[in-house]
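Note that the structure is a prediction, hence the values are computed from the model and not measured. If you read the sequence from its start, that first residue is 1, and numbering goes on from there. One-based numbering, in listed order, for ligands and for the atoms of each.
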Amino acid sequence: MNAHPLEEEGRSTRSIDPCIVVIFGATGDLTARKLMPAIYNLARESLLPANFGCVGFARRPKSHDEFREEMKKQVSDHSRVKPIEENIWSNFHEKLFYHQSEFDKDEGYEKLKGFLGELDAKLGTKGNRIFYLSVQPKFFPLIIEMLSKHGLIYKENENNWSRVIIEKPFGKDWKSSMDLQNHIQKFITEEQTYRIDHYLGKETVQNLLVFRFANSIFESIWNYKHIDHVQITVAEDLGIGNRGEFFEEEGLLRDIVQNHMMQLLSIVAMEPPIDLSAKGIRDEKVKVLQSIRPLSKNDFQNNLVRGQYGKGFIEGEQVKAYRQEEEVDKSSNIETFVALKLYLDNWRWTGVPFYLRGAKRLPKKVTEIAIIFKDAPGLLFKHHNSKNDPNVLAIRIQPDEGISMKMNCKVPGPSSPVQPVKMDFRYGAYFGKTPPEAYERLILECILGDSTLFARADEVEQSWKIFTPILEYWSKNPPKNFPNYPSGSWGPKEADDLMARDNRNWRIP
Ligand code: BG6
């Protein structure tokens, strides 16, 4: 049996099969910025199988060499390790190919089948395939159906396997995600389906499991008896860039909250799994989502805030309002900020609010999970010159990855005021190297056939069950005050009011 990705010795003991990765949407932005640099870095770290090929599938005509040159430029620009190493690139270059076709043309898939057969003979890739769908979601059903129709995807057997990676978004709401799931499961099994949520590929997110379940001291305090509340923040200073058309369809709730933030919440709140298998971990994550209390009408009005950025300043530079961005409707009601309060109706978390805040155009990029503990009982140190804060465990997902603990400490001297201090662990300083990009890890896990770090169908379904009523409420009740926060601020006043009603504040991470 293969060892698990979270087990220390796992990397070296897991066997890796030869394979070909076919990327649909090979001329797109994700391939250029993330996928190709990730595959190159896997090659650089000798993590790819010795018998390996990568084929870009897209609609624009171009030769293998043109594609290779374009990819070389993209990898040079976007690789986390620069400059690219010529000897590694030239070896990698030999394994890179291009296949032009429309997504809906039978002959393109027939030709692809023949071409992959030729590559198997040349590269020794033994018929093992990964199809990476880095395309607009509307093409997912079509491509999967065509791959199946032309015998390109098949169930795992003793000779070879085929797997499909699907980029998010997986549906636009509960119904569309169920329709998509019902359609694709006619052609591929759950075991073959790898739904990407790239947050699961982040080292710091994986470390959450290790932190919680490999340290005995936290388990006994990780519950409603000791924790006052939890804050999860995914803040970005960037706006929507050139993704206006995409964002007008999606909005922030679908783009970040329904997937990335719920993954963070599930891992923070889950029970210890019975083992580290994909099933063991994902079963526990689903239970968390199932325990989330559905939002009531009162919650929609008082515990849920949406916002949209107006113009403002980020690091001293003036930036435009969302409604002025390219391909955005001048009176758009799409949200770029979401804050909400959730409760988990289960034994561990009863009565503990989870506050979630995700947004574009806040003052800085930071993803953080903060566990705020209950106040120390009694008034022993609450005299006038002391600042007696609650203990906070802040898990910094990015950037400056690390974990810090805030505690109260006596200031030296006879007057004994108490002051909060921080105990800090930083990945960079301690391990002295940059963590791999999420996509490196996820592509590698798919090659290894381990789906632990991918979202399972029932996780996606549960998450949509929570958020679809919000989307419906919002579409019936358009916002009246957009834009309601200037770029470069921490969001609309209503988000502060939400906290103030509970006598709490948002942390400034
Ligand atoms: C993507 C969203 O899934 O995640 C983007 O579509 C967002 O809008 C990005 O910017 C954030 O990812 P990261 O890894 O930079 O936190």
With a distance cut-off below 6.0 Å to the six-membered ring centre and an angular limit of 45° from the axis, does [X] pair with [Y] as a cation-pi contact?
{"X": "Lys168", "Y": "Phe170", "result": "no"}
{"X": "Arg195", "Y": "Phe454", "result": "no"}
{"X": "Lys62", "Y": "Tyr98", "result": "yes"}

(request) Determine the minimum heavy-atom distance between Pro141 and His183, stating which atoms define it. (result) CB-CD2, 3.3 Å
(request) Report yes if the side chains of Leu340 and Val338 come closer than 4.5 Å at any heavy-atom pair, otherwise no. (result) yes
(message) Students should find this: residues with any non-hydrogen atom under 4.0 Å from ligand 1. What is the answer?
(response) Lys168, His198, Tyr199, Lys202, Glu236, Arg243, Asp255, His260, Lys360, Lys365, Gln398
(message) Return the CD to CG distance between Gln258 and Leu252, rounded to the nearest 0.5 Å.
(response) 11.5 Å
